[in-house]
Structure formats: structure tokens, C-alpha cells
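Because the structure is predicted, anything quoted here is derived from the model rather than measured.
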Amino acid sequence: MPRTSYDITVPDLTGLRAVVTGASDGVGLRIATRLAGAGAEVVMPVRNPRKGEAAATRIRDAHPEARLVLREVDLSSLDSVSALAQTLLAEGEPIHLLVNNAGVMTPPTRQVTADGFELQFGTNHLGHFALTGLLLPLLQAGGARVTSQSSVAARRGRIRWDDLQWEQGYDGMGVYRQSKIAVGLFGLELERRSREQGWGITSTLSHPGVAPTSLLAARPELDRGSETAGRRAIEWLSSRGWIVGTVQTAALPALLAATSPDADGGAFYGPQGLGNAGGPPGEQKLWAPLRDAEEAARLWAVSQELTGVGFA
């Protein structure tokens with residue numbers, strides 16, 4: 001069955017500065033490519049400089065005039081996040097778009113960050129929480145839109161408050177769900193606090209649906225020696241245009257959430273097909289785990305305590 005072709009229009013972003021985490025491959029690379037093609041200067045904080053250089057080359061192959069800035073960051077280290085933030089603050093350039101996209105998914109065994117947090121929760125949520133808080137002056141200066149990338153995994157699950165770091169009964173998918181629920185709750189609480197405190201920031205949410213990205217590929221650093229059976233199935237479906245999306249289409253919800261002039265604060269964008277796994281992007285209702293304002297406020301307070309980062 002041929003795949004239905006669809007795309008979105010990214011508005012002119014000339015003169016704007018965008019920061020995209022996880023821009024060295026997959027959905028993040030596609031997001032960075034489209035933003036650069038629309039005229040934005042794109043800051044690409046990457047963990048692996050060699051991959052970052054290769055990604056920048058691919059973007060410039062598509063858009064020779066692309067303005068790209070490579071920076072190093074390891075979102076699983078609060079010291080590394082702080083170093084990136086200090087570099088950008090020293091540059092003093094306002095940030096107009098921040099796409100919190102990077103993430104890790106379901107290592108087969110429990111691993112921890114440099115700061116002792118469970119790896120998925122620490123990287124996917126706490127790293128981005130800290131980065132956003134530390135960059136707040138630049139985000140305010142740019143009247144920024146912050147887009148946080150959740151996941152279809154956040155459709156169900158919960159924050160495990162009695163064992164936030166999953167030290168008992170580790171379940172890789174359970175932690176991944178928690179981390180992506182946390183990402184969503186953070187994005188919504190950021191919007192609420194920006195309105196209440198006059199930060200001038202707009203916060204939106206997105207999710208990519210399901211696509212054959214590197215999240216489930218072989219990742220020796222995560223003790224995953226080969227790609228998962230789930231990724232092989234996703235790749236098979238994607239190649240036939242069934243149910244799931246492609247890497248290119250999976251980037252569209254975040255691009256809409258980050259750049260559409262019609263995107264209101266607190267809006268949530270994702271694929272509109274069966275189960276939100278694929279299909280054209282559009283606005284959708286929040287899933288049940290993301291609707292609890294008390295949970296969001298509690299998570300914010302705990303995240304500040306764990307990271308030591310305030311939003312002043």
C-alpha cells in the first residue's frame with residue numbers, strides 16, 4: 001500500500017535562534033534540518049561531537065546556507081548541562097525556540113546518570129528541566145517557545161512517587177513511561193508558571209508517534225547489543241506505509257508545536273492516525289496521565305530539589 005504524502009509549512013525563521021537537543025540523528029536531526037532550512041540559526045547540543053559534525057554536514061548538504069552551532073552536552077550529567085548553559089549565557093544571544101527532544105529508551109538493565117538518578121528519568125526529564133531553567137534568561141529575552149517531546153508511551157502509566165528512581169523492581173518500559181509523563185507534566189507546568197509569573201515564554205508539547213528511529217536500535221552504551229524485535233517490526237510496518245510513520249513524518253508534530261503561529265501555550269501535537277502512531281500531525285487532547293495539575297506542581301517541586309535548579 002503506498003504511503004500518503006503529507007507535510008507542513010514551516011514559517012520563515014530568519015533572525016531567530018533555535019536550540020534542539022538530540023539533533024545528531026533521527027527525529028532531532030530532521031527537526032534541526034527543517035528549522036535551519038527556514039532560516040533559523042540552530043544550536044545543536046550533542047553528546048558525541050563526531051556524530052554532531054556528521055549531522056551538521058548532512059544539514060549543510062540540504063541547505064548550504066544553514067547557520068549551525070555545535071555544542072557539547074550530556075543530558076545525563078547536571079555538570080554538563082550547566083556547562084552548556086553557561087556557554088550559551090556567555091554568548092548572550094536570545095533563544096527563540098527550544099526543542100527538548102533528546103532521550104534514551106528502555107535499557108535492558110537499570111543504569112544511573114552521573115548524578116545517581118535512574119538513566120531514563122534523569123536524561124529525558126531532569127536533564128531537560130535543568131537546561132530549561134538555566135537558560136531562562138535567554139528564553140525570556142527571546143520570548144521563546146519551548147516544545148517538549150513526550151511519547152505515545154505517556155498514554156498510560158504513572159509517576160512512581162514511592163520509588164522515583166526505580167531502585168526496586170526495575171522495568172525499563174515502566175520507567176520510560178514515567179520519564180515521558182514527566183516531560184509532559186513539566187511542559188504544561190512551565191506554561192502555567194510562565195503565565196502566572198509573566199515570563200513571556202510559551203510552552204507546547206508534542207510526540208512523534210511511532211517510527212523506526214535509533215531509540216530501539218543497537219546501543220552498546222545501554223547494554224543493548226542489537227536492535228530490538230520491536231524496532232524491526234516498526235521498520236517493517238513503516239516501509240509499507242502501515243499504521244506507523246517515518247523519521248520524516250515523526251518530526252512534524254514537534255515542528256508544528258515549535259513554529260506554528262496557531263499553536264497556543266499548553267497545546268499538544270501528535271500524529272492523527274490510528275492510535276496516534278502515524279498519520280498527519282495535528283493538535284490532540286491530553287492523555288489522562290498528563291491532565292493532573294497537582295501532579296505537575298509536585299513534579300516541578302521535586303525536580304527543583306533533585307537538580308538544584310530554580311526558575312528565577
Side-chain angles (χ1 to χ4, degrees), residues 13 15-23 28 31 35 40-46 69 71-103 113 115 117 121-150 179 182-206 254 257-259 263-267 293 296-312:
L13 303 176
L16 303 187
R17 188 175 229 210
V19 177
V20 182
T21 66
I31 293 169
L35 296 179
E41 177 188 56
V42 181
V43 180
M44 302 167 61
V46 297
V69 179
R71 294 285 180 260
E72 289 189 44
V73 72
D74 180 351
L75 286 164
S76 70
S77 164
L78 292 177
D79 283 346
S80 179
V81 170
S82 178
L84 169 64
Q86 292 306 313
T87 296
L88 296 180
L89 287 165
E91 292 172 359
E93 295 292 333
I95 295 172
H96 305 90
L97 302 173
L98 170 60
V99 183
N100 290 325
N101 165 78
T113 69
D115 306 285
F117 306 127
F121 184 69
T123 302
N124 300 350
H125 168 58
L126 293 177
H128 284 121
F129 179 91
L131 180 63
T132 306
L134 292 169
L135 292 180
L136 186 61
L138 299 180
L139 297 171
Q140 290 180 290
R145 186 178 297 181
V146 178
T147 297
S148 298
Q149 187 87 286
S150 187
S179 75
V183 167
L185 292 174
F186 160 62
L188 295 169
E189 185 67 10
L190 177 62
E191 173 63 22
R192 283 190 282 269
R193 290 178 183 249
S194 179
R195 290 181 181 180
E196 291 173 359
Q197 302 184 35
W199 290 342
I201 296 168
T202 301
S203 178
T204 58
L205 299 181
S206 62
T259 68
D264 294 326
R298 181 180 182 183
L299 177 71
W300 186 282
V302 169
S303 300
Q304 284 188 311
E305 180 180 349
L306 292 175
T307 63
V309 173
F311 281 64

Q. For Thr147, which residues count as a side-chain hydrogen bond (donor to acceptor under 3.5 Å, both in side chains) partner, sequence neighbours excluded?
A. Thr204

Q.
Quick check: closest heavy atoms across Ser80 and Asp74, and the distance to 0.1 Å?
A. OG-N, 2.7 Å

Q) Should Trp199 and Leu190 be marked as a side chain to side chain contact (heavy atoms under 4.5 Å, CB included) after you check the CA-CA gap, both sets of side-chain angles, and the distance that decides it? A) CA-CA 10 Å; Trp199 290 342; Leu190 177 62; 3.8 Å; yes

Q) In Å and rounded to the nearest 0.5 Å, what is the OG to CG distance from Ser76 to Leu126? A) 11.0 Å

Q) Would you say Leu138 and Arg17 make side-chain contact, with heavy atoms under 4.5 Å? A) no

Q | Backbone of Ala257 reached by a side-chain donor or acceptor of Arg145 within 3.5 Å | A | yes

Q: Can you tell me which residue pairs pass the side-chain hydrogen bond (donor to acceptor under 3.5 Å, both in side chains) test with a partner in residues 124-143, sequence neighbours excluded?
A: Thr21-His128, Asn100-Thr132, Asn124-Ser179, His125-Ser303

**Q.** Separation between CD1 of Ile201 and CG of Leu98, rounded to the nearest 0.5 Å
**A.** 9.0 Å

Q: Provide the closest heavy-atom pair for Ala40 versus Ala18 in the form atom of the first, atom of the second, distance.
A: CB-CB, 4.5 Å

Q. Which heavy-atom pair separates Gly187 from Leu205 by the least distance, and what is that distance?
A. CA-CD2, 3.8 Å

Q) Checking side chain to side chain contact (heavy atoms under 4.5 Å, CB included) for the pair Leu134/Leu89: CA distance, chi angles, key distance, verdict? A) CA-CA 9 Å; Leu134 292 169; Leu89 287 165; 5.5 Å; no

Q.
Can you tell me how far apart OG1 (Thr202) and CD (Glu191) are? Round to the nearest 0.5 Å.
A. 5.5 Å

Q | Straight-line distance of Leu185 CG to Ser148 OG, nearest 0.5 Å | A | 11.0 Å

Q) Between the main-chain N or O of Thr87 and the side-chain N or O of Arg71, is there a donor-acceptor pair closer than 3.5 Å? A) no

(Q) For Val43 and Glu93: C-alpha separation, side-chain torsions, deciding distance, then whether side chain to side chain contact (heavy atoms under 4.5 Å, CB included) applies. (A) CA-CA 11 Å; Val43 180; Glu93 295 292 333; over 6 Å; no

(Q) Let's go through Glu189 and Arg192 carefully: what are the C-alpha distance in whole Å and the side-chain angles of both, what is the deciding distance for salt bridge (charged side-chain N to carboxylate O under 4.0 Å, His left out) to 0.1 Å, and is it a yes or a no? (A) CA-CA 5 Å; Glu189 185 67 10; Arg192 283 190 282 269; 3.1 Å; yes

Q: Kindly indicate, with the supporting measurements, whether the criterion side chain to side chain contact (heavy atoms under 4.5 Å, CB included) is fulfilled by Val309 and Val81.
A: CA-CA 11 Å; Val309 173; Val81 170; over 6 Å; no

**Q.** Distance (rounded to the nearest 0.5 Å) between Thr307 OG1 and Asp115 CG
**A.** 9.5 Å

Q.
Would you say the ring centers of Phe129 and Phe311 fall short of 6.0 Å from each other?
A. yes

(Q) I need the Leu139 CG to Ser194 OG distance, nearest 0.5 Å. (A) 10.0 Å

Q. Which pair of non-hydrogen atoms, one from Ala258 and one from Leu97, has the smallest distance, and what is that distance?
A. O-CD2, 3.1 Å

**Q.** Shortest non-hydrogen contact from Gln149 toward Ser206
**A.** OE1-OG, 2.6 Å

**Q.** Over all atoms of both residues, closest heavy-atom pair of Ala182 and Phe121
**A.** CB-CE1, 4.0 Å

